[in-house]
2 protein chains.
Amino acid sequence: MSERRVTIKDVAARAGVSIATVSNVFSGNKPVNADLQERVQKAARDLSYQVDRAASQLRSGQAKVVGVLVPDLDDVFFTSLVSQLEVMAQKDGYDIIVASSRDDIGLEQSRLRTLLAWRPSGLIVIPCSDAVPAGLDNEFARLPMVFADRVPPGGSIVDTVAIDNCEAGEIAARHLLELGHRDIVVAASNVAISPIRERVRGASALIRATAGADPTVIELGSNAERGTEAFLHWLERHKRPSAVIALTNVTTLSTLSALARLRIDIPDPVSVVGFDDYPWMSARKTGLTAIRQPIAEIAAAAWERLRRRMSGDASPPLGTVLQTSLQVRDSVRELSPAARDDAQSHDLLQDQETKTAANAVH
Amino acid sequence: MSERRVTIKDVAARAGVSIATVSNVFSGNKPVNADLQERVQKAARDLSYQVDRAASQLRSGQAKVVGVLVPDLDDVFFTSLVSQLEVMAQKDGYDIIVASSRDDIGLEQSRLRTLLAWRPSGLIVIPCSDAVPAGLDNEFARLPMVFADRVPPGGSIVDTVAIDNCEAGEIAARHLLELGHRDIVVAASNVAISPIRERVRGASALIRATAGADPTVIELGSNAERGTEAFLHWLERHKRPSAVIALTNVTTLSTLSALARLRIDIPDPVSVVGFDDYPWMSARKTGLTAIRQPIAEIAAAAWERLRRRMSGDASPPLGTVLQTSLQVRDSVRELSPAARDDAQSHDLLQDQETKTAANAVH
DNA sequence: CACAGCCTGTTAAACGTTTTACAGTAAAAC
DNA sequence: GTTTTACTGTAAAACGTTTAACAGGCTGTG
């Protein structure tokens with residue numbers, strides 16, 4: 001019963017060539033005659049030979065694996081990214097190994113270590129904080145690497161791919177402001193995360209410029225249920241705003257759940273601008289107006305940069321910034337002049353508190 | 001600049017021991033003295049040594065990797081599963097490498113081959129068809145393996161973990177029937193997939209027994225947008241049913257989207273029972289009544305079985321079946337007696353067509 | 001005291017590839 | 001006609017581990 005593994009030797013023997021030739025046929029490192037190639041292929045097929053990745057990798061040092069580290073595998077945004085990456089990786093002959101840091105900086109480090117132990121030919125990282133994960137610093141030089149989505153603010157020493165988060169916030173705010181909304185709440189996940197901070201900044205700046213006061217910013221975390229509770233709690237003890245901007249797909253869910261629980265209709269009395277674009281957003285009676293992130297483009301750009309690096313490109317790091325767009329559906333209403341005045345007075349009433357909340361953020 | 005990789009040799013030299021000892025310290029295969037262990041650990045830390053997986057795996061034949069093959073990485077159900085598996089795998093010191101077959105039987109084979117090339121210590125497979133993927137048959141004996149969710153019908157020669165699909169269909173149907181619905185459409189993804197077929201079977205049997213006729217079964221595929229179009233198309237040319245049972249989370253989305261597009265309210269005039277339980281289902285004014293699959297339990301059961309197998313358990317294959325439950329929210333209405341009669345007459349009218357559609361399924 | 005048995009550590013031989021260095025042959029250049 | 005050059009194939013040496021076989025120092029027992 002002891003079925004020995006079929007190795008390159010067996011194939012070589014059966015095809016009547018040296019093992020080096022077999023290797024060359026499979027790796028394509030050196031040209032080999034057409035008929036010999038044929039013979040080798042046939043022999044391999046007959047024995048159902050598969051090259052052993054471990055051996056191959058050990059000798060060559062090359063892995064044909066890329067590690068993908070994301071903060072949360074339950075968040076559609078990240079899994080969509082992973083899904084796209086998997087497709088492109090497969091097309092280029094790479095396998096991906098995924099790890100989730102579960103938004104824990106300690107776990108991030110440990111997961112990173114295990115990813116590095118694979119000696120992958122590249123890494124795509126969505127860090128869980130602004131800090132460049134320790135242990136990665138001495139790898140920058142040798143290991144192709146792309147940071148996506150949550151890129152450390154300021155110039156980076158690695159390639160980065162992200163959306164224009166500040167602009168995303170602006171777009172959402174502008175839409176609401178143009179329709180007369182002044183009393184706007186910004187539902188962030190966690191302002192410690194730089195892209196979120198940027199989105200808040202973009203929205204806040206525009207709202208302040210137009211409405212004369214910073215919006216209230218609340219943090220709902222990255223878990224839909226807990227965020228729902230948090231927002232419910234907030235709604236209980238504050239005046240109801242005329243509009244909410246949710247800055248992630250999870251906070252969008254939290255916002256909608258809380259409003260649904262209180263049987264507050266959308267868009268009247270409360271308008272909502274969500275984030276991301278997923279099928280469930282249009283599977284509702286009042287479709288959700290939302291900021292669309294170009295997930296496919298983000299994934300494509302990240303992979304493209306990584307591919308370049310993996311094939312030896314050593315040019316200075318590049319920061320790719322992609323644009324978001326507004327997907328208008330039915331969850332934002334136009335405020336009548338009367339309602340606007342009403343909203344305005346809310347602003348005045350809440351001015352002080354608003355400022356405090358916003359200050360906490362900046 | 002030529003930073004040579006730091007190997008076990010370097011650590012051994014620095015700690016003043018043999019490489020075998022270093023290996024033993026890290027693998028724990030043989031006991032080593034406490035102080036020596038300390039010395040080795042320190043040396044390793046100083047040099048920031050990491051064992052090379054490739055070398056380790058080549059020599060030992062053991063991989064500490066499990067391959068996970070899913071049909072679609074854009075489907076929340078599968079990514080939730082992957083997410084849970086990743087957590088448990090990590091806890092047990094395994095890494096996972098994921099591959100998507102994208103519901104293509106050819107791709108499934110090829111992805112499987114690449115997974116096997118890793119010589120993983122185990123495999124968790126959600127097949128994309130009833131057929132056991134070719135190339136896997138000669139691995140059954142040596143490679144620990146668990147099939148999940150889409151298990152081939154009838155007894156299997158591998159461990160399987162799945163829900164009671166037939167019962168799931170029944171539960172949905174019973175709920176509707178009890179509330180007086182008779183004119184029910186079953187929105188399946190693809191009846192070629194055995195669990196779907198089972199769900200249809202369960203629902204159909206009960207509906208036939210109670211309403212006297214099989215329900216209409218329509219196939220909406222596994223893509224939300226295309227499913228929406230398909231259902232829209234169907235709705236255009238058929239009498240509107242009083243209720244819809246959606247048999248996957250994607251068909252649930254398609255159903256809801258189509259109804260929303262036609263501005264048909266839920267639950268009146270059309271009630272809906274969805275599938276799976278995700279945050280977006282309660283983030284709506286009329287929360288969605290749905291069949292809840294215990295995803296965490298499925299993942300846990302699959303991992304547990306795999307873990308057992310990987311540690312040498314050779315008992316005969318086990319088929320684990322988990323129960324679903326009905327999550328009642330607001331998307332199903334109780335039909336008044338008058339409406340019931342009305343629905344009843346529809347049944348009679350559509351009897352013939354209904355039967356044809358259902359026949360196509362069985 | 002001698003000897004078996006245990007404990008801990010070492011040496012050296014794998015594991016299955018890739019790759020370097022080399023050899024042989026055929027074609028091209030002198 | 002000899003020397004290059006180009007092209008293909010091979011033998012053998014890595015790659016960094018794990019592990020089988022072995023060795024030496026204890027302890028406990030007869």
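Lettering of chains follows the sequences in order, A, B, ..., and the numbering in each one begins at 1.
Of all nucleotides listed (dG9(D), dT17(C), dT17(D)), dT17(D) comes nearest to the side chain of Ile8(B).
Checking Ala20(B) against Asp52(B), the closest nucleotide of DNA chain D that is more toward the 5' end is the one next to Asp52(B). Positionally, the nearest nucleotide of DNA chain C for Thr21(B) lies more toward the 5' end than for the other of Gln50(A) and Thr21(B).
Rounded to an integer number of Å, the gap from Asn29(B) CG to dT17(D) C1' is 11 Å. Atoms NZ (Lys64(A)) and C1' (dT18(C)) sit 15 Å apart, rounded to a whole Å. The nearest whole Å value for the distance from the NZ atom in Lys9(A) to the P atom in dA14(C) is 10 Å. Spacing between atom CG of Leu58(A) and atom C1' of dT19(C) amounts to 13 Å, rounded to whole angstrom units. Rounding to whole angstrom units, CD of residue Gln62(B) and P of dG16(C) are separated by 15 Å. The CG atom of Asn33(A) sits 15 Å away from the C1' atom of dG24(C) (whole-angstrom rounding). Nucleotide dT17(D) holds its P atom 15 Å from the CH2 atom of Trp118(A), rounded to whole Å. For Glu38(A) and dG9(D), the CD to P distance is 14 Å, given to the nearest whole Å.
At dA11(D), none of the side-chain N or O atoms of Ser18(A) fall inside 4.0 Å of OP1 or OP2 (strictly under the cut-off). Applying the 4.0 Å criterion to OP1 and OP2 of dC15(C), one finds that Ser60(B) has every side-chain N and O outside that range.
Defined by atom type and a distance below 3.5 Å, a donor-acceptor pair is missing between the side-chain atoms of Ser83(A) and Ser80(A).
No contact: Gln37(A) has no heavy atom under 4.0 Å from any strand. Residue contacts for Ser23(A): at a heavy-atom cut-off of 4.0 Å it reaches a base atom on one of the strands shown. Note on Asn24(B): a base of the nucleic acid sits closer than 4.0 angstrom, heavy atoms only. Leu36(B) comes within contact range of the sugar-phosphate backbone alone, with a heavy-atom separation under 4.0 Å but no base atom that close. Tyr49(A) comes within 4.0 angstrom of the backbone, heavy atoms only, and of no base.
Evaluation of atom-type donor-acceptor distances gives a pair under 3.5 Å for the side chain of Arg59(B) against the base of dT18(D).
Although no hydrogens or angles enter the test, the distance criterion places no donor-acceptor pair under 3.5 Å between the side chain of Gln50(A) and the main chain of Leu116(B). Checked by atom type and distance alone, the side chain of Asp52(B) pairs as donor or acceptor with a backbone atom of Ala55(B) at under 3.5 Å. Side chain of Gln37(B) to backbone of Val32(B): a donor-acceptor contact under 3.5 angstrom is found. A side-chain donor-acceptor contact under 3.5 Å links Asp104(B) to the backbone of Gly106(B). One N or O on the side chain of Ser311(B) and one on the backbone of Arg307(B) form a donor-acceptor pair closer than 3.5 Å. Between the side chain of Arg113(A) and the main chain of Glu108(A), no donor-acceptor pair closer than 3.5 Å is present. Between the side chain of Arg53(B) and the backbone N or O of Ala117(A) there is no donor-acceptor pair closer than 3.5 Å.
Taking the six-membered ring where tryptophan is involved, the planes of Trp303(B) and Tyr94(B) are perpendicular, since the angle between them exceeds 60° and thus also 30°. Using bins of under 30°, 30° to 60° and over 60° for the plane-to-plane angle, the ring pair Phe147(B)/Phe140(B) lands in the tilted bin.
Inter-residue side-chain proximity for Val146(A) and Val125(A) is flagged as unmet; no heavy-atom pair is nearer than 4.5 Å. Two residues are said to be in side-chain contact when any heavy atoms from C-beta on lie closer than 4.5 Å; Ile19(A) and Val11(A) fail this criterion.
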Enumerate the protein-to-nucleotides 21-25 of chain D contacts in which both atoms are nitrogen or oxygen and the separation is below 3.5 Å.
| residue | atom | partner | partner atom | Å |
| --- | --- | --- | --- | --- |
| dA21(D) | N6 | Lys30(B) | NZ | 3.3 |

Protein and nucleotides 5-7 of chain C: nitrogen or oxygen contacts under 3.5 angstrom:
none

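With axes fitted over five pairs at each extremity, the angle between the ends of the helix from dC1(C)-dG30(D) to dC30(C)-dG1(D) is 50° (10° resolution).
Taking 4.0 Å as the cut-off between side-chain N and carboxylate O, Lys64(A) and Asp95(A) do not count as a salt-bridged pair.
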